Participant: 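This is the structure, below, for whatever I ask next.
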There are 2 protein chains.
Amino acid sequence: MLSQAEENYLKCIFTLSEKTEKLVNTNSIARALDTSAASVTDMLKRLSKREYIEYRPYKGVKLSEQGDVIARKLIRKHRLWEFFLCEKLGFSWDEVHDIAEQLEHIQSDDLVERLADFLDHPKFDPHGDPIPDKEGRFSVRKQIALVDLPVGKKGIIIGVREHSNDFLKYLNQHRLTIGVTIKVLEYFEYDQSLKIRLGSGTETVISQKVANNIFVKN
Amino acid sequence: MLSQAEENYLKCIFTLSEKTEKLVNTNSIARALDTSAASVTDMLKRLSKREYIEYRPYKGVKLSEQGDVIARKLIRKHRLWEFFLCEKLGFSWDEVHDIAEQLEHIQSDDLVERLADFLDHPKFDPHGDPIPDKEGRFSVRKQIALVDLPVGKKGIIIGVREHSNDFLKYLNQHRLTIGVTIKVLEYFEYDQSLKIRLGSGTETVISQKVANNIFVKN
DNA sequence: AAATATTTTTAAGCTTGTCTAAAAATATTG
DNA sequence: CAATATTTTTAGACAAGCTTAAAAATATTT
Ligand SMILES: [Mn+2]
Ligand SMILES: [Mn+2]
Ligand SMILES: [Mn+2]
Ligand SMILES: [Mn+2]
C-alpha cells in the first residue's frame with residue numbers, strides 16, 4: 001500500500017508527463033509539490049526501488065506500467081469526488097479541489113465504483129477535465145481555446161486550462177461558467193483582448209490571458 | 001491541526017470514557033488501538049502538552065474541553081459518512097465502518113455541514129448509534145436489549161451493541177436488521193436462548209449472546 | 001574548450017509515530 | 001506487610017518524510 005505522499009508524487013509525475021513527453025525532471029516535481037529537490041530525489045529512489053517509476057539519476061523519471069495505473073485511479077477518484085461535491089452537495093467549482101485532494105486518497109475500490117454508479121458515470125469533472133473510466137481511459141472531445149475562436153463565431157464553455165482559485169473566482173464573477181454560450185464580437189489587435197457576448201446578453205471585454213485559459217466547443 | 005493518529009487517540013479516549021466514568025488507562029487505549037503501551041504513553045504526553053487531554057502519569061487520562069469537542073466532531077463525521085454510504089451508495093452495514101474510519105479524517109467544516117444537509121440531518125447511523133448534531137449533542141431514545149424483552153412482547157430492532165463484522169454478518173444472515181419487528185415466543189432457562197418470530201413470520205432461536213447485543217424499542 | 005551557471009544528488013539532521021526491552025510505580029495476594 | 005503480579009513509563013532504536021548546506025554532475029556561455 002502506498003502512503004498519501006507516495007500517491008501524490010505518482011499523480012504529479014503523471015500530470016507533468018502529459019505536458020512534456022520527455023522524462024520529468026526533479027526540479028519540476030519539487031516546484032509542483034512545493035517541496036525541496038532533495039526530498040524529491042529521496043522519494044524517487046524509494047518509488048524506483050518499488051518499481052512504480054523508472055528513474056535515471058540526473059536524467060529524469062517516468063511512471064512504470066504499475067505507477068501509471070495508480071496515477072489514473074487517483075485522477076479518477078479526484079474528479080469523481082469533485083463532481084460529487086458540486087452536483088450533490090452544491091459546492092461551486094472553486095471550492096472543491098482541496099477537499100478532493102484529500103478524498104482521492106481514500107482506499108476502497110468498491111467505494112469508487114459505487115460512487116461512479118451513484119453519479120451516473122460522469123465523463124467530465126466540474127472544470128471540464130475528463131474523468132478516466134474504470135480502465136483508466138480518458139474521454140477526448142474537440143475543444144479549442146477561446147482565443148482561437150474567430151470573430152463572429154459562437155462557442156460553449158466546456159472547460160478551463162488554469163485551475164487556480166483566483167481564475168475560477170474571476171470566471172464566477174463574470175458568469176463565465178461551464179455551459180455558457182459565448183459569441184466573439186470583436187478582437188482588439190493592440191492588446192489581444194476580446195469583446196464577447198454571453199448567452200444572457202451581457203457583453204464584456206476579456207484579456208488575452210483569460211481567453212487563452214477558457215476552452216470552448218463550437 | 002491534528003494528525004490522523006492524534007485524532008484516533010482522541011476518539012478512542014472519548015469512547016472508552018463513555019463506558020467507564022473513571023479516567024481512561026493506558027493499557028485500554030493500547031488494546032483499542034492495537035498498539036503498544038509505550039506508544040500510548042508517548043502520545044499522551046504530546047496530546048497533554050497541547051492541552052487536548054488531561055493526563056496524570058500512572059493514573060490515567062481524560063479529554064479536555066477542547067479534546068471533547070474534536071472527538072464529538074469526529075464521531076459526527078464518522079456516522080454521517082456511514083449513513084451516506086448505506087443510504088446513498090447502497091453499502092450494507094457491515095461494509096461501511098472501515099471506509100468511514102478514513103473519511104472521518106477529511107478536513108473541511110463546510111463539507112460536514114453540506115453532507116448533513118444532503119442527508120436531511122439523520123439522527124442515527126446504520127448501526128443505530130446516535131449522530132451528534134453540529135453542537136456535539138447526542139440524541140437519546142429509549143431502548144432495551146432484546147434479552148430484556150419479556151416473553152410475549154414485541155419490539156423493533158433499532159440498534160446493536162457489538163459492531164464486529166462477524167456479528168453484523170450473522171444478523172444479515174438471519175434477517176435481523178434495523179427496523180425489523182420481533183416477538184419473543186419462548187425463553188429457554190437451560191441456556192438462556194430465545195425463540196423469536198420476525199415480522200416476516202420466520203421463527204428462529206437465538207443465543208443469549210446475540211439477544212444481549214441487539215437493541216429494540218417497544 | 002574553459003569558465004560559469006544550473007540542476008541534481010548526497011550528507012546530516014529533525015519530527016512523527018512506531019517498536020522492544022528494561023526500569024519504575026502501583027495493585028494484589030498470601 | 002512483604003512478596004508477587006500487573007501496569008505504566010523510560011530508554012533506545014527505526015522508518016518515513018521532510019529540511020538545509022555542500023558536493024557532484026550536467027548545461028550554457030564566452
Ligand atoms: Mn482538482
Ligand atoms: Mn478538476
Ligand atoms: Mn463505525
Ligand atoms: Mn456506526
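Chain letters run A, B, ... following the sequence lines, proteins first and then strands; every chain starts at 1. Remember, it's a predicted structure, so these values are computed and weren't measured experimentally.
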Participant: Where along residues 11-38 of chain A does a heavy atom fall under 4.0 Å from DNA chain C?
Facilitator: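 When residues 11-38 of chain A is checked for heavy atoms under 4.0 Å from DNA chain C, the hits, listed by number, are A/Asn25, A/Thr26, A/Asn27, A/Ala37, A/Ala38.
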
Participant: Can you check whether A/Phe138 reaches A/Ile75 side chain to side chain, under 4.5 Å on heavy atoms?
Facilitator: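 With C-beta onward as the side chain, the pair touches.
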
Participant: Between the protein and nucleotides 12-17 of chain C, which nitrogen or oxygen pairs are less than 3.5 angstrom apart?
Facilitator:
from	atom 1	to	atom 2	distance (Å)
C/dG17	OP1	B/Ser3	OG	2.3

Participant: Start at the 5' end of DNA chain D and walk down; is the nucleotide closest to A/Lys59 or to B/Thr41 reached first?
Facilitator: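 Per heavy-atom nearest nucleotide, the more 5' residue is B/Thr41.
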
Participant: For the rings on B/Tyr170 and B/His174, is their centre-to-centre separation under 6.0 Å?
Facilitator: yes

Participant: Would you say that more than 12 heavy atoms from the other residues, nucleotides or ligands in this model lie under 6.0 Å from the CD of B/Glu18, or not?
Facilitator: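 Count over threshold, so yes.
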
Participant: Under a 4.5 Å cut-off applied to non-hydrogen side-chain atoms, are A/Asn25 and A/Ile29 in contact?
Facilitator: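 A/Asn25 does not reach A/Ile29 side chain to side chain.
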
Participant: Establish, from distance only, whether the side-chain atoms of B/Asp125 and B/Trp81 form a donor-acceptor pair under 3.5 Å.
Facilitator: no

Participant: Flag the pair B/Glu101 and B/Lys11 as a salt bridge only when some basic side-chain nitrogen lies within less than 4.0 angstrom of an acidic carboxylate oxygen.
Facilitator: yes

Participant: Estimate the overall bend of the helix from C/dA1-D/dT30 to C/dG30-D/dC1 from the end axes over five pairs each, rounded to 10 degrees.
Facilitator: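 Terminal axis comparison yields 0°.
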
Participant: Do B/Lys88 and B/Phe83 meet the cation-pi criteria used here (NZ or CZ under 6.0 Å from the six-membered ring centre, within 45° of the axis)?
Facilitator: no

Participant: In whole Å, I'd like the distance from the NZ atom of A/Lys45 to the C1' atom of C/dT10.
Facilitator: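 A/Lys45 atom NZ is separated from C/dT10 atom C1' by 7 Å.
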
Participant: Whether A/Arg76 and A/Glu135 form a salt bridge (side-chain N of Lys/Arg under 4.0 Å from carboxylate O of Asp/Glu) is what I want to check.
Facilitator: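 Salt bridge absent between A/Glu135 and A/Arg76.
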
Participant: Could you list where the contact with chain A starts and ends along DNA chain D, reading 5' to 3', using a 4.0 Å heavy-atom cut-off?
Facilitator: D/dG17 to D/dT26

Participant: Which residues pass the ring pair (Phe, Tyr, Trp, His ring centres under 6.0 Å) test with A/His78, not counting sequence neighbours?
Facilitator: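 In terms of ring pair (Phe, Tyr, Trp, His ring centres under 6.0 Å), with neighbours along the sequence ignored, A/His78 is linked to A/His97.
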
Participant: Cationic tip of A/Arg141 within the cone over A/Phe124's six-membered ring, i.e. under 6.0 Å and within 45° of the normal?
Facilitator: yes

Participant: Can you list everything that forms a side chain to side chain donor-acceptor pair (under 3.5 Å) with A/Gln143? Sequence neighbours excluded, please.
Facilitator: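 Applying side chain to side chain donor-acceptor pair (under 3.5 Å) to A/Gln143 gives none.
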
Participant: Are B/Leu149 and B/Ile144 packed together at the side-chain level, in the sense that at least one heavy-atom pair is separated by less than 4.5 angstrom?
Facilitator: yes

Participant: Using the ring of each side chain (for Trp, its six-membered ring), is B/Phe118 parallel, tilted or perpendicular to A/Phe118, with breaks at 30° and 60°?
Facilitator: perpendicular

